[in-house]
There are 2 protein chains.
Amino acid sequence: MQYSSSKENHIKAIFHLQESDGLVTTNELAAALQTKPASVTDMLKKLKQQKLLNYERYKGFKLSSEGKKVALQIIRKHRLWEYFLVEKLQFGWDEVHEIAEELEHISSVRLIDRLDEFLGFPKTDPHGDPIPDKNGKLIEIMQVPLSLLPENTPAIVSGIGDQSQEMLELLNHKQIAIGTRLEITRKFSFDQSMELKLKQSPVITLSEPVAKNIFVRYDQ
Amino acid sequence: MQYSSSKENHIKAIFHLQESDGLVTTNELAAALQTKPASVTDMLKKLKQQKLLNYERYKGFKLSSEGKKVALQIIRKHRLWEYFLVEKLQFGWDEVHEIAEELEHISSVRLIDRLDEFLGFPKTDPHGDPIPDKNGKLIEIMQVPLSLLPENTPAIVSGIGDQSQEMLELLNHKQIAIGTRLEITRKFSFDQSMELKLKQSPVITLSEPVAKNIFVRYDQ
DNA sequence: TATTTTTTTTAGATTTGTCTAAATATTATT
DNA sequence: AATAATATTTAGACAAATCTAAAAAAAATA
Ligand SMILES: [Mn+2]
Ligand SMILES: [Mn+2]
Ligand SMILES: [Mn+2]
Ligand SMILES: [Mn+2]
């Protein structure tokens, strides 16, 4: 089956929202897609009719298992293209999201499987998010927010929560990327800010909102 | 400026048709796009309004210079993606057209310029067609149809006229590709069919309709 | 040139995706 | 529980891209 870009964007956004929230609401989805609640309601009816969505009016909604399958294929495409853009075309990790937002709607399955192979079957995208395999299987990455990492414990940056331009810009400036090794040297209980030691870099300071959006796994 | 995929498909098709015909007609364009003349008329009005097209009703039409610029950028994208698919993702030259038909509508100019660089600024696509540079400059390839090549004159395949699945399949079978060196050993005046010698291949026979759609340049 | 045929355009519908404004349902607050 | 606030849906409109059927113009032919 083929779906319009707009439908695919809705499906993908519902998938991401239901990860955290379980049931998704109309206003939530409208906000995520920068559209209006009335437009969302219209689309929900169509997705329901195509059996991609479990939805009853006023009751919230979530993807059917078929809907989830579709979502995972879109996410696979999005993340593989992001990887391509960064690793092959030398884009920065803060420049690829919008382009991948278009590329993810290219329909050919053979294309994406060949791309996967060409890239060497990468496990995660440039933001540390896992790439579903061709069957839609998505691995869970064991990681904790940097804000919960104890002091003096070596860790490796493995993921980013808020991936907005602003956040990625800040991380670029602080020289933090996926794979960066670090260790918290000092935590301040007043504001939960922290000082970090990065391998071969001067000490840096991060605020709590930033630390909550950096995910790490223990080193070794 | 950004145009819808449908508009871009119209613009590109007009460009190709006017290459040969000068002025393009409504029915011609409808046939090329597998759509109806009434739909074409609707689109022509929109393209005219956007000053991409010189059009007066019942009089035929052709692209404005702005329209040509737009067309060349779409063609650039189409051909660079085809090159990528064949050279990097190992697709056959008979498998890439449809996928490129979608990829050509991805809007990012930076993406296409980076792709061009990644590919090493190729001059022609997998079918021998020249790739416009970032300014839309298109080189002319000096070539003649194989049907006009004299006997016993070494030549190199440089382009294909009819690029339909059927034609490319036939050429695959005959082991003819862009860059293939060949020489006509015998021409039959009865039907204009010919026998060819390919480097390290048995002699093959081609009919006139095929020979008219293979373009060659003289070897050396 | 008159008539027929072909081409092109117009008129009016349809589908998809979006919107605003109004109505209705649900949830929160007195 | 009644009322107020919020969330969601419905009603009706609009733009884009397409179509069919009919009208009009141009081209071909008798
Ligand atoms: Mn998208
Ligand atoms: Mn990503
Ligand atoms: Mn296209
Ligand atoms: Mn080509």
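The basis for the numbers below is simple: all heavy atoms, side chains too, and nothing from hydrogens, waters or symmetry mates. The chains referred to below are lettered A, B, ... by the order of the sequence lines, with proteins before strands, and numbering in each begins at 1. Because the structure is predicted, anything quoted here is derived from the model rather than measured.
- The nearest whole Å value for the distance from the CG atom in A:L33 to the P atom in C:dG17 is 13 Å.
- In this structure, the CD atom of A:Q49 is 9 Å from the P atom of C:dT16, given to the nearest Å.
- Taking for each of B:A38 and A:H10 the nucleotide of DNA chain C with the nearest heavy atom, the 5'-most of the two is the partner of B:A38.
- Regarding contacts with the backbone of D:dT18, a side-chain N or O of B:S6 is found under 4.0 angstrom from either OP1 or OP2.
- In this structure, the NZ atom of A:K36 is 18 Å from the C1' atom of D:dG12, given to the nearest Å.
- Within 4.0 Å (heavy atoms only), B:T26 reaches sugar-phosphate atoms of the nucleic acid but no base atom.
- A:D21 places no side-chain N or O within 3.5 Å of a backbone atom of A:V24 that could act as its donor or acceptor partner.
- Judged by distance alone, the side chain of A:E102 and the main-chain N or O of B:S107 form a donor-acceptor pair under 3.5 Å.
- With D:dT8, D:dT10, C:dC19 as the choices, the nucleotide that has an atom nearest any side-chain atom of A:T35 turns out to be C:dC19.
- Under a 4.0 Å N-O distance rule, the pair A:D116/A:R76 qualifies as a salt bridge.
- Only one option out of A:R79, A:K12, A:K77 pairs with A:E104 in a salt bridge (Lys or Arg N to Asp or Glu O under 4.0 Å); it is A:K12.
- Separating the CG atom of B:L44 from the P atom of D:dA16 is a distance of 16 Å, rounded to the nearest angstrom.
- Whole-Å rounding puts the B:D42 CG to C:dG12 C1' distance at 11 Å.
- Nucleic acid contact for B:Y3: none, since no nucleic acid atom lies under 4.0 Å from a heavy atom of the residue.
- For A:Q2 and C:dT16, the CD to P distance is 15 Å, given to the nearest whole Å.
- Close to D:dA17, at under 4.0 Å from its OP1 or OP2, lies a side-chain N or O of B:S4.
- Whole-Å rounding puts the B:E56 CD to C:dT8 P distance at 15 Å.
- Rounded to whole angstrom, the span from the CG atom of B:N27 across to the C1' atom of C:dT7 amounts to 6 Å.
- Residue contacts for B:T41: at a heavy-atom cut-off of 4.0 Å it reaches a base atom on one of the strands shown.
- With distances taken from any side-chain atom of A:K46 to the nucleotides D:dT18, D:dT9, C:dT16, the minimum falls on C:dT16.
- For the pair B:Y55 and C:dT9, the criterion of a side-chain N or O lying under 4.0 Å from OP1 or OP2 is met.
- Here A:S39 does not reach the OP1 or OP2 of C:dG17: none of its side-chain N or O atoms lies under 4.0 Å away.
- When heavy atoms are screened at a 4.0 angstrom cut-off, A:K7 is found touching the sugar-phosphate backbone but no base atom.
- Here A:K59 lies out of heavy-atom contact (under 4.0 Å) with every strand.
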Step by step, work out the side chain to side chain contact (heavy atoms under 4.5 Å, CB included) result for A:L44 and A:K48. CA-CA 6 Å; A:L44 295 178; A:K48 178 183 183 165; over 6 Å; no
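- Applying the 6.0 Å contact sphere to CD of B:Q175 captures no more than 12 heavy atoms from other residues, nucleotides or ligands.
- Taking only side-chain atoms of B:Y58, from C-beta outward, the nucleotide of D:dA11, D:dT18, C:dT8 with the closest atom is C:dT8.
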